[in-house]
Amino acid sequence: MKNGTNPYIPYPATVEETWYETGGDRCIKTFKVVFDDEKVRKEWSHLPGQCAMIGVLGIGESMISISCSPTEGDFLRFSVMRMGKVTQALHQLEVGDKMMVRGPYGNNFPVDDWQGKKILTIGGGVGQAPLRPIVEYVKANRDEYEGLTMIYGARTSGDLCFKGEFEEMSKCDDLACHLTIDVEEEGWGHNVGFVPQMLLDLNPSPENTIVITCGPPIMIRFVLENLKKLGFEDEQIYTTLENRMKCGIGKCGRCNAGNMYVCKDGPVFSYAVLKEIPEAFA
Amino acid sequence: MKMDLEQLRKTAAEVVARDDVKYLVGWKQGTYGYRVAPGFVEDAAGAAELIFSPLCTANLATYLTLVEELPIPRGQEPDDRKVAVMVKGCDSRAVTQLIVEKGIKKDEVVVIGCPCPGVVDPNLLAEKYPETEDQVEMKWNGEGFLLLRGGEETKIARDEVLAEKCRLCRYPNPVYSDIMLGDPVEPWETDEDKGVEEVEGKDVEERAEYWAEQFDKCVRCYSCRNVCPLCYCQDCVLDRLNPTWVNRAVNFSENTAFNIARAFHLGGRCIECGECERVCPANIPLGKINRKLAREVRDKYGFEPGVDPDAEPFQASFKPDDPEEFIL
Amino acid sequence: MSAMLLNKEKWPEFVGKLTGKKVWAPQADSEGMRFALLAEGEAPVPDYNNTRVPPKGVLFPQTETMLKFQVKATEVDEPELDQETVVLGLRPCDARAMAIVEKLFKWDIDDPYFIKRRDMVTLVGLACNDPGLNCFCPSVGGSPASTEGLDLLMVDLGENYLLEAVTGKGEALLKEMGDLLSEAGADEAKEKEKLVKEAEGKIKRTVDTEGVPEGLPGLWEDPLWGKVSASCLGCGTCTYLCPTCHCFDIQDEVEGFDARRCRTWDSCMFGEYTLHTSGHNPRPTRKERTRNRINHKYSYYVDKFDVIACVGCGRCSNLCPVNIDIIDTIRQVKEAL
Amino acid sequence: MSAEFNPNIVAFLCNWCSYAGADLAGTSRVNYPSNIQIIRVMCSGRVNPLYVMNALQQGADGVLVSGCHPGDCHYMEGNFFARRRLGMLKDLMEFVGVDPKRFHMSWVSASEGHKWKEVVEKTVEDAKEAGPFEGFRRRQIDW
Amino acid sequence: MTEKPKVGVYVCHCGINISSTVDVEAVAEFAGKLPDVKVAKTYSYMCSDPGQTLIKKDIEEHGLNRVVVASCSPRMHEPTFRKAISEAGVNPYFLEMANIREQCSWVHEEIEEGTAKAKKLVSASLAKVRLLEALETTEVDAEPAALIIGAGIAGIQAALDIADAGFKVYLVEKTPSVGGRMAQLDKTFPTLDCSACILTPKMVDAASHPNIELLTYSEVEEVTGFIGNFDVKVRKKARYVDFDKCTGCGDCAAECRVKDRFPSEFDQGMGKRSAIYLPFPQAVPAKYTIDAENCLYLSKGKCGKSPKCQDVCGAGAINFDQEDEMVEFKVGAIIVATGFDPFDASRKPEYGYDDYPNVITGMEMERLVSASGPTGGKIKVNNGEEEIEPKEVALIKCVGSRDASVGNEYCSRVCCMYVAKQAHLLRDKLPDANIRIYYMDVRAFGKGFEEFYDRVRRENVRYIRGNPSEIFKRGNKLVVKVEDTLNSRPLEDEVDLVVLGVGLEPRADMREIMELLRLSQSPDKFFLEAHPKLRPVDTATDGIFLAGCAQGPKDIPDTVAQAKGAAASAMIPLARGKVTINAQVAIVNEATCRGCGYCVNICPYTAIEMITINRFGNEVEVARVNEALCKGCGSCSAGCFSDSIQPKSFRDSQILPQIAALGVMR
């Protein structure tokens, strides 16, 4: 076997920047990494929605969604919640340390098909990570889309990811950024309440709109319900799934939801497809 | 053998009819050949399918702890009804040991005891009387067994097909039960444990070689662990990766570690039902290890698990005069 | 090349000529048959019903090193996989399973380990003259003398083996044997036909799979899953011993400063298999797992690769400790349709 | 290789008696073989018997567990539990073919520096007799 | 947040103690290359001030968050380095020590082997330190009260000291009166103070002290909790006499239908008492008690027409309906001062204690010689035929002490002196008698002891070196058969009275207290102190202390001294008002705990209990550790099949890598 033909081989990437998005037990840390090998850097191409296997040699790998848009530059960003052994090891990485990356894996949001449409993202908590590339992608290709509305909520302001980026966004006319937290906090200048309710309050028109939602299952359930109330069709709604994965390339078997392998047929699914898969929301 | 199927089915039907009983686990005819399957009975119709025969090897006490703990939605009450289970002598020791270890509570179960004159070793039976696709019936017949198949009756001598665990059985009658079916059977003279003695007779290198060959076959399907009524941790340490006691890799080293750890955790707890050995797809003689340890515990420490529901667990107690001749 | 004959007496010579290759063959271990590497000079006659563990490990070892590396390093090494290998006397069902699994390992992205091993191996099958009690290959598209996946098929004609090359690799192997073989004639072909017919006739347990792949998704909430799985112990016997089960786990192992990334067979019957780190499990009980196993074999795989991922070898039925019998399960599915 | 086999021995010592006894051996400048490496635990009762298995698997040729004499346990009963558990483990290991010379348990009090030396010498000597452990050591496995 | 471990490794030369057998530079260089090690240095004395400063500076400069010190035994300097790193802002539990002195350089000779082993030990320490967890010590409030079990001189003294310091004391005494053994003594050696004279005032003080709650005729039933927070249940046994009404006049005892029928415990059975009684005239409290076993009314339900005591009691204090009463309270510390039992002379049958009335024990002698004793201080004995004043007296020492045949190898420490004292008292009362003392050794080690012993010898008391083998009767005399070992002469001395200088033994009922408080015994079966030299009043259980003969035989001055010591120790948590809880405790993973309760059985401190938790709507039982009770021994963990209970700092996940490091580094 020669290097380059084996999809299981990860490539070293150097951590260039890291910061914590949220605190607590299950804190989220964002890494900006750049492949060491220029060739790998050049050959790498991903689109919003895709994932990569990242990890540390000797510990293991985890499938993490790429939380930056290719339009942002020659680097990758991952926002990782500290959960198990691998993410714990990832969290220990500091600037200058090496992360092993392979991918990109999975399908992407059909950004080309969506040209000329309005984009609405609805995120909750760490669920904003896979949505961020879409936001950035649309921001970078503003002419091709009819505008972008972002709804993002979390339990507290401390649980919101990418906080620093929202202010800049709200300055743009064709970008709307709506933030919400579950309970009132001092100094919080935005909405208070749950995401599904905020969606109803904003009352977006389904016309020529694509909705992408990602977040905790309970939020998704009510968001879907409310989208239906607002008249959205299944085909207009997209979400991403997460399942336990090992190989990332549709061999190891465990990420299937019904007859779909999340790592290959997903993680992006339209609701029209997803509702036919009995296991999808299990 | 006075075991009356009518009585068994009637009792089972009565038990499942009770409001405080969720279901009953008994034995029923398997899908072919000599197979007997665990039957989960919720009504009288199910009860009518139950059997108890020399083919009923399985220890159903496993099912008392095998049920996964599922989240109960808010506002919903957990189903606290009892589970009824049919046990042979050996199986009843598992129930007792589970009570000792708080794996189950006495009032969570209805234990139906079946005095057992000894079951067959299905492999031995199939070797001598080839298994066919048709369902067969088997009965105890005086000192031996009676095989009924295709209208034909075959008498089989007891020694010919008796399971090894039964040869060594000292508790043919349930030691713990809420309802007892039939009359107790007369315990029999037990053989020497030839399997264990044969291994003991080897020198340490031969033993190492013997077990190396055995453990090398292990595919780590964990059926030995899963079938064991006393392996009821929801989250087995040997599955865990942090810390890693045993690597996932399947090789002689990890397999041995797995088997040692499994056997050790059963030290002073194994009730010698022989299920681990029966289910092992690699035919590893796990029973020998368990029985060896059980014998040491019996001989050296005077302890026998699963006979006294009020006993202190062996590994959670000590005696000031425990043997210590091995200590420097 | 036409069919060839090998006198059984020459079998050791036949095996002897495979020097330089790794040779896997069914061998008796302490209490059963299993595929193992032949030591030099050994040539056991493949006279057996079937092995307890399928020979899938030849292409997909239970534990396989994927990458080797040093702790703290970023460079990884791959194992060398270039030794020619011959598998002697595997049963047609097991060979067929390899062909079925190959579809997945070649799906879109090649799995380099499996494919490399497949490239290096010559599969010499042995037709079943005497199928086992739980054999039901014809029910799922196989046959006691199926050549699917094989490079070469042997048929036991009593005194001789009839050897029929299926692929170029098989032919090459036959060529290597030179004058050890003689050409078979029409009689032998007839004899083979007869034996295969007889063998098929010996298969008693059958199941009708018509409509099952299409119908299974509709039975998602059917009570049959609860019934079938109630007695399941959640062990990996059925999946580990299944020649078409291909799930694996990837783990890093460290020994001092040496480390490897390896993969190990995994089983969808284990709770941990789908367990998320968060503690959430999309398949929380044996019911969901059992349903997934059957669906995966009889429906999902058919959707993706147009073939049932069950070859009817009967191992899962043979060795399930609690008589969960796939033939019976499919019958129940069929009834529920 | 003609070099003498130098066994690698891992010892688990309770903090209060045996570890202190080993310290005393040091303070008294008692000389003993260096094959023994000590892992300090608070009580011999802390020693999970599977540590012994793990040590052998991970590269030890012998294992020693040492605690307070019966009745002297700092935690009153820990050593009794250790004795029962490890006694059972020893039976088990022996049965599966691990030379009993590879595993020892001892009572060494805080005042028994010399006994510690004897125990170490015996353990090392036995491990030497048993030779390099070639059982289920991880390193035996070809990756 | 998970910090990447940044470890500093510090290898100590310890002058040449380490560096002469271990190439410390090589060890440091080796360590420097190990994963996560940021700096590795050596220094001549790591524990010195500059050594510690070096570590602190590195922590600051290199941002270290874990430290390995390879030096001496952690038993020596672990606290030192913990403190040092915590001063530099690193959690003190992020420290691991590699013992390369006591267990390496000092016990190995070759520099190669020493160095190789040191490297391994360092790598094992490193493997562990990277995985250690930050621990915080916590404090809980301490109840400013103490429980003292036993109101002999030790208990009384400790109670007075603690009460005087302003803390509440519960003084629990099993018998109806305080005073204990000392109250039974006549005079005390070597000063010959009257025991009662010096003790009685203290007894009265204890009873009247506003901070002392005296619970006589009471027994401790249950103690739970931990230092600072013990919950105590005491059973006040029914006296059948209203405590508040009884005036102690004694009319009842005088009129009792079974008057003076029963052996008086106080007089060692030599005197008699009624069923309603005061143990002795100076008893405190001076309240009568009915002995329910012997009282006709209580045992038989009938006492004449009506119980006489009831009839005569002017105060109307007699109450046959009284029941045991449970008292519950909370204390911060406990002192065990349960005292001793005199050796039971029947266990030396060769001395004929059971056979001859004129063979008596030292304790009986005390009562006999006491002016308040059964004979009013007259020395009269029954030689089996008649009451006589003895002319020939033999005193035998070491009865039941230093005697392996009865299982007592220890010296009882008081017999030499009390026997001498009794000889002196006998000499006073029997100026013409022949007084012999048979002895093995004379141990007169205390202040004024040797002088007293000299004095007694000068008083014509013969010391005969020999251990009598037998005492038998010849005519109306007792014969002491002995070999005078100084001149190897066999003797058969004929005497009228034999006094057996019995030793001190642990109380017969001490096992109950032991189980109650989970204390341990030393080989002599007395209570075991935490350290024989440095913590002689502490037990292995924090907050429980020992005073007096419960811990081992003692004379009165030593008892008082120890009582004061115990009182002072017990007052530490009371005065501080807080107790610090050990941080290295066990913790349960409730998600994996299978609720088998093995750990509960195993824990010697009852620190683990089963609790019911709600696991996703299911009620399940799991173990929970009471951190205040847990000592971190980890026995529970080794017995847990699912590894669900783990002692912090000694987790499996921390020890297994240590094993790996030692194994792999060959």
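Chain letters run A, B, ... following the sequence lines, proteins first, then strands; residues in each count from 1. The model shown is predicted, which means the values in this text are computed figures rather than measured ones.
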Is [X] close to chain D through its backbone or its side chain, or both, or neither, when contacts mean heavy atoms under 4.5 Å?
{"X": "E:E112", "value": "neither"}
{"X": "E:D643", "value": "side chain"}
{"X": "E:I602", "value": "both"}

[options]: which one forms the most heavy-atom pairs within less than 4.5 Å of chain D?
{"options": "E:C72, E:S637, E:A124", "value": "E:S637"}
{"options": "E:I655, E:L121, E:T541, E:L528", "value": "E:I655"}
{"options": "E:S522, E:C640, E:P604", "value": "E:P604"}
{"options": "E:P74, E:S105, E:P647", "value": "E:P74"}
{"options": "E:Q521, E:K128, E:R75, E:E110", "value": "E:R75"}

Distance-only side-chain donor-acceptor flag, E:E133 / E:Q654, under 3.5 Å |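 Yes - a donor-acceptor pair under 3.5 Å links their side chains.
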
Taking atom types as modelled and ignoring hydrogens, do the side chains of D:N8 and E:K120 form a donor-acceptor contact shorter than 3.5 angstrom?
->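 Yes, because at least one side-chain N or O of D:N8 sits under 3.5 Å from a partner of the opposite role on E:K120.
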
Do the side chains of [X] and [Y] get close enough for a salt bridge, i.e. N-O under 4.0 angstrom?
{"X": "D:E4", "Y": "D:K128", "value": "yes"}
{"X": "E:E78", "Y": "E:R82", "value": "yes"}
{"X": "E:E515", "Y": "E:R511", "value": "yes"}
{"X": "D:R46", "Y": "E:D652", "value": "yes"}
{"X": "D:K101", "Y": "D:E125", "value": "no"}
{"X": "D:E121", "Y": "D:K117", "value": "yes"}

Please indicate whether E:E409 has more than 12 foreign heavy atoms, meaning atoms of other residues, nucleotides or ligands, lying under 6.0 Å from its CD.
-> no

Audit row: E:N17, E:W106, side chain to side chain donor-acceptor pair (under 3.5 Å) steps and yes/no | CA-CA 7 Å; E:N17 276 309; E:W106 277 352; 3.2 Å; yes

Counting heavy-atom pairs under 4.5 Å with chain E, which one of [options] comes out on top?
{"options": "D:N54, D:V63, D:V47", "value": "D:N54"}
{"options": "D:R138, D:E77, D:M76", "value": "D:M76"}
{"options": "D:N31, D:L56, D:T27", "value": "D:N31"}

Could you name the residues of residues 32-42 of chain D that have a heavy atom within less than 4.5 Å of a heavy atom in chain E?
-> D:Y32, D:P33, D:S34, D:I36, D:Q37, D:I38, D:I39, D:R40, D:V41, D:M42

How would you list, in number order, the residues of residues 80-89 of chain D that have a heavy atom less than 4.5 Å from chain E?
-> D:F81, D:R85

Which answer fits D:A110, side chain, backbone, both or neither, if we ask what part of it has an atom under 4.5 Å from a heavy atom of chain E?
->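 Looking at D:A110, nothing touches chain E.
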
Which answer fits D:W116, side chain, backbone, both or neither, if we ask what part of it has an atom under 4.5 Å from a heavy atom of chain E?
->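 For D:W116, no heavy atom lies under 4.5 Å from chain E.
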
Determine, using ring centers only, whether E:Y410 and E:F526 are less than 6.0 Å apart.
->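 Yes; E:Y410 has its ring centre under 6.0 Å from that of E:F526.
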
For E:I581 and E:T137, what are the C-alpha separation, side-chain angles and deciding distance, and is it a side chain to side chain contact (heavy atoms under 4.5 Å, CB included)?
-> CA-CA 6 Å; E:I581 290 171; E:T137 47; over 6 Å; no

[X] side-chain N/O to [Y] backbone N/O, donor-acceptor pair under 3.5 Å:
{"X": "D:N48", "Y": "D:Y51", "result": "no"}
{"X": "E:D524", "Y": "E:G552", "result": "no"}
{"X": "D:R29", "Y": "E:V107", "result": "no"}
{"X": "D:E112", "Y": "D:S109", "result": "yes"}

